[in-house]
Amino acid sequence: MKIETIAIHSGNQMDNTTKAAIQPITLSTTFERGESGDYPGGYIYSRADNPNRKSLEKVVAALENGADACAFATGNAAGMSVFQALAPGSHIICPDDMYHGLRNQLKMLFNGVLTFDFIDFTNIELIFQTIKRETKLIWAETPSNPLLKLCDIAAIAHIAKEHQLIFAVDNTFASPCCQQPLSLGADIVMHSTTKYLNGHSDVTGGILITKENNEFWQNIKNVQSFGGAVPSPFDCYLITRGIKTLPYRMRGHVANAQALANYLENHPAVEAVYYPGLASHPQHELAKKQMLAYGGMLSFLLKDGEEKARQVINDLKIFTQATSLGGVESLIEHRYSVEGPDTKTPKNLLRVSVGLEHIDDLIADLEGVL
Ligand SMILES: *Cc1c(COP(=O)(O)O)cnc(C)c1O
């Protein structure tokens, strides 16, 4: 089946009692046992498994072409489960522009348990040189935040395979409609489902998808079940509901982002635009090779510096000044002030999550303030 059909049908388990066309929300924490002590419904206790979570995991595994998925209460909990599944003393190679929430998680929560190097992932040779005896995991994120830098998934997968390392990709910025890391050789994909998968800025969630049901995946499943950072049935229902329109929403995000990037690139007040779909993007050729579409995120620099950037976000009427991404509404953010003083993000940079409003209205709003 094609992705539009998978998105609508793969996560919908019909209720055999009522024959409701849409799967109900199963709030029960516990499930009745059979006479011999077995579990005829297939469920035991809601931390271990729940019908709505199973549906969410099933549809996302199908969207990413994976063997299985594990859903979590947030994207950070999903990422943390990968790190917790590693043996103590393991070394991780991560990008120097890794999502700051996960970078801080490694530095604050895994200090003394795991070791890590944060390096430039556009430099494949450097990744290769950073591998040591204790290295167990390469963690990539592409396109990256907020400079929309890409890393070559297939090339890193090749290195990981040669050195028997686990290769995980944070695919949140792209969505499964724009990029399929498992097909390019990754072992594990992560999403913050808070973003495009749910798509309506009203649930937090995270998910991991595996290519193979192997021993490391079993560790992750143990972290999910015994660690217990699982999403509620209602949250799973909402995310599964959001996913039904994901392929069509992504088409709109991509079309609007490309049009907005073209507009900004030709605007005299703008110094630079970062969007993988622009021919001027330094890795546009790589984007063409590994992405199915260029996503809905872009960043741009203002010629008149930080002051102008702050004025622009305050004066816009349709764009909401807020963090996060992937919802139907357009968001704009001064990233430097979110990320703190150790960031490499330029002070005159604005990051945009391009929403699904009409492109003419978005451009008119920007035209009025630029
Ligand atoms: C938001 C985000 C996360 C973290 O997800 P939460 O749901 O906020 O915990 C991880 N990676 C990327 C790229 C994100 O945008």
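In this structure, CG on L137 lies 6.5 Å from CZ on F216, to the nearest 0.5 angstrom. To the nearest 0.5 angstrom, I44 atom CD1 is 13.0 Å from T29 atom OG1. Here the CD1 atom belonging to I188 is positioned 8.5 Å from the CH2 atom belonging to W139, to the nearest 0.5 angstrom. One finds the CD1 atom of I207 at 7.0 Å from the CD1 atom of I243 (value rounded to the nearest 0.5 Å). Interatomic distance, OG1 of T193 versus CG of N198, reported as 7.0 Å (0.5 Å rounding). Once rounded to the nearest 0.5 Å, the distance linking CG of L56 with CG of D235 reads 10.0 Å.
Residue V82 is not grouped with residue V223 when hydrophobic side chains (ILVMFWY) are merged at heavy-atom distances under 4.5 angstrom, including chains of intermediate members. Both I3 and L246 are part of a single hydrophobic cluster, where members link through side-chain heavy atoms under 4.5 Å apart. Y275 and L356 are members of different hydrophobic clusters when ILVMFWY side chains are connected at heavy-atom separations under 4.5 Å. Using a 4.5 Å cut-off between side-chain heavy atoms of Ile, Leu, Val, Met, Phe, Trp and Tyr, with links allowed through other members, L102 and M80 fall into the same hydrophobic cluster. A continuous path of Ile, Leu, Val, Met, Phe, Trp and Tyr side chains, each step under 4.5 Å between heavy atoms, connects W217 with M190, placing both in one hydrophobic cluster.
A 4.5 Å side-chain heavy-atom check between R241 and Q23 finds every atom pair outside the cut-off. Between T142 and K149 there is no side-chain heavy-atom pair separated by less than 4.5 Å.
In this structure, K303 and P268 approach most closely via the heavy-atom pair NZ-O, 2.8 Å. Between V338 and H334, the closest heavy-atom pair is CG2-O, 3.6 Å. For the pair G89 and T115, the tightest heavy-atom approach, listed with the atom from each and the gap, is O-OG1, 4.5 Å. Across every non-hydrogen atom of V369 and D315, the tightest pair is CG1-CB, 3.4 Å. Taking each heavy atom of E64 and P181 in turn, the nearest pair found is OE1-CD, 3.7 Å. Considering all non-hydrogen atoms of both residues, S299 and R351 come closest at OG-CG, 3.6 Å.
Side-chain N/O atoms of D97 and S144 include a donor and acceptor closer than 3.5 Å. Remark: the Q224 side chain and the S81 side chain contain no N/O donor-acceptor pair separated by less than 3.5 Å. Residues N348 and E306 have side chains that never bring a donor and an acceptor to within less than 3.5 angstrom of each other. Checked by atom type, the side-chain pair T343/T345 shows a donor-acceptor distance below 3.5 Å. N52 and S55 share no side-chain donor-acceptor pair at under 3.5 Å. Side chain to side chain, E329 and S201 meet the donor-acceptor criterion of an N or O pair below 3.5 Å. No side-chain donor from either of E307 and Q311 sits under 3.5 Å from a side-chain acceptor of the other.
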- Run the numbers on T74 and N76 for side-chain hydrogen bond (donor to acceptor under 3.5 Å, both in side chains), then give the verdict. CA-CA 5 Å; T74 64; N76 263 30; 5.8 Å; no
- Query: Going through the checks in order, is the side-chain hydrogen bond (donor to acceptor under 3.5 Å, both in side chains) test met by T26 and S28?
  - Reply: CA-CA 6 Å; T26 305; S28 184; over 6 Å; no
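Using a 4.0 Å cut-off between charged side-chain N and carboxylate O, R33 and D38 make no salt bridge. Between R335 and E333, at least one side-chain N (NZ, or NE/NH1/NH2) sits under 4.0 Å from a carboxylate O, which counts as a salt bridge. Salt bridge status for D96 with R103: absent, with no side-chain N to carboxylate O gap under 4.0 Å. A salt bridge between K54 and E57 is absent, with no side-chain N of the basic residue lying under 4.0 Å from a carboxylate O of the acidic one.
For the pair R251 and Y248, the distance from NZ or CZ to the six-membered ring centre is under 6.0 Å and the angle to the ring normal is within 45 degrees.
Note: H267 and Y263 have perpendicular aromatic rings, judged against thresholds of 30 and 60 degrees for the angle between ring planes. Aromatic ring pairs are classed by plane angle as parallel below 30°, tilted from 30° to 60° and perpendicular above 60°; the pair H253 and Y196 is perpendicular.
A donor-acceptor pair is defined here as one N or O able to donate and one able to accept, closer than 3.5 Å; no such pair exists between the side chain of E357 and the backbone of I318.
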